[in-house]
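One structure is given here, and the rest of the page talks about it.
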Number of protein chains: 2
Amino acid sequence: MERVGLTTRRVAEAGAELADEVGFDRVTVSDLARRLGVATPSLYSHVAGSADLRTQIALLALEEMADRSAEALAGRSGREALAALGGSYRGYAREHPGRYAAARLPMDTATAVASAGPRHAAMTRALLRGYDLKEPDATHAVRLLGSLFHGWSSLELAGGFDHSAPDAATSWERVVDALDHLLRTWPGEGRS
Amino acid sequence: MERVGLTTRRVAEAGAELADEVGFDRVTVSDLARRLGVATPSLYSHVAGSADLRTQIALLALEEMADRSAEALAGRSGREALAALGGSYRGYAREHPGRYAAARLPMDTATAVASAGPRHAAMTRALLRGYDLKEPDATHAVRLLGSLFHGWSSLELAGGFDHSAPDAATSWERVVDALDHLLRTWPGEGRS
DNA sequence: GCTTTTGCCTAATGGTGTTAGGCTGATCGG
DNA sequence: CCGATCAGCCTAACACCATTAGGCAAAAGC
């Protein structure tokens, strides 16, 4: 038979496209094989199965997001960096909903540390160097920003902001203002 | 045959338990039927299918979470209310991971407005009455809190905070402090 | 008591995930 | 250049899940 020249990477990329089109949770080995013009079992030479396929898509998405964030952050600091990092997540989620969902897939620790995940944490930490936070407050802030960026993209993607004014973009700008303000006036141990 | 006396509600409850045990995305009509001691097609008298089953579980979870939040909020305001509301999400996610995941299921607009979803938004808005926010800042703050609570629970559930100090509970307290501080000093239009 | 409804059943179909094993085009040592 | 090995693809086969159609008998209403 005609060899199509598949590889794990190519399969993951096709899977990512499929995820964006039909939703990550509807990605199916059969459907993917169909799109690649190949019989279903043929994919098993490249991915270990359905679970592995999803993981591969997730790893791809994490890489892409990290690259995108790094580019957005270049040369910026303070509020600009905050807007850039958050915006890169928002944009990625909007443009690639399936991949974005994939990036949230829980994976085992070994895979997670070898993924682009740590790069994301590192970038958030780097961003915080523009503010005056000592440990452990910096860690708290990393977690706060991570949660907020993820939660926001997730809710916006689900259409949670669609049916009330003001629009999501306007709110987003003001939220970035609020975060910038918060990081510059981070409260100490005693209630201020 | 012995009638088991199923109803849509009971099926949803059993589905919720199953979700907590095996994960929401692994809930299957067959498995649920097996647990209920009934043939698979029998469930189709009570739920319209796999998708509907998931929606029913989601609706149940949203109700439970709203009830829990309402109870936690009773008689509290300010930082206490903030900790109570966020804590109720955190606690629910920890105790009922499958149900929590279900609650994030996207649903069509009609179903969403008839769900307990609006109650959640109303409670967050009520909480903000303890702070001095005018529209549209109150809406921005509702969205910020919603995103943060959801994002935090989601990341904590996925184990995102497990492999670094300090522990999640400590960070959480400080994040509540930060949010309380932010809401009390919410920045105006001009950069402060 | 008889009818109607309804809760459950079995049978059957089609789709998905996965394993086993075979064929053939590509690749590489001589 | 040629044979051996390997890799990429295939078909066959099985188990499991979702869903529809149609039947039977317990429960509920007149």
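Being a predicted model, the structure only gives us computed values, none of them experimental.
Between the side chain of B:D20 and the backbone N or O of B:R99 there is at least one donor-acceptor pair closer than 3.5 Å.
Under the ring pair (Phe, Tyr, Trp, His ring centres under 6.0 Å) criterion, A:H140 pairs with no residue at all, not counting sequence neighbours. Qualifying salt bridge (charged side-chain N to carboxylate O under 4.0 Å, His left out) partners for A:E135, counting only residues two or more places apart in sequence or in other chains: A:R125. By the ring pair (Phe, Tyr, Trp, His ring centres under 6.0 Å) test, B:W152 pairs with B:F161, B:W172, sequence neighbours left out.
A salt bridge is absent between B:K134 and B:D137: the closest approach of a Lys/Arg side-chain nitrogen to an acidic carboxylate oxygen does not fall below 4.0 angstrom. Using a 4.0 Å cut-off between charged side-chain N and carboxylate O, A:E95 and A:R68 make a salt bridge.
Within the helix from C:dG1-D:dC30 to C:dG30-D:dC1, the inter-axis angle between the opening and closing five-pair segments is 10°, rounded to 10°.
Whole-Å rounding puts the B:L6 CG to D:dA27 P distance at 14 Å.
The stretch residues 36-52 of chain B touches DNA chain D through B:T40, B:P41, B:Y44, B:G49, B:S50, each having a heavy atom under 4.0 angstrom from the strand. Listed by residue number, the members of residues 19-32 of chain B with any heavy atom below 4.0 angstrom from DNA chain D are B:T28, B:V29, B:S30.
In this structure, CZ in A:R9 is found 5.0 Å from CG in A:L60, a value given to the nearest 0.5 Å.
A donor and an acceptor atom, one from each side chain of B:H150 and A:S154, are located under 3.5 Å apart. Looking at A:T111 and A:D108, their side chains do bring a donor and an acceptor atom within 3.5 Å of each other.
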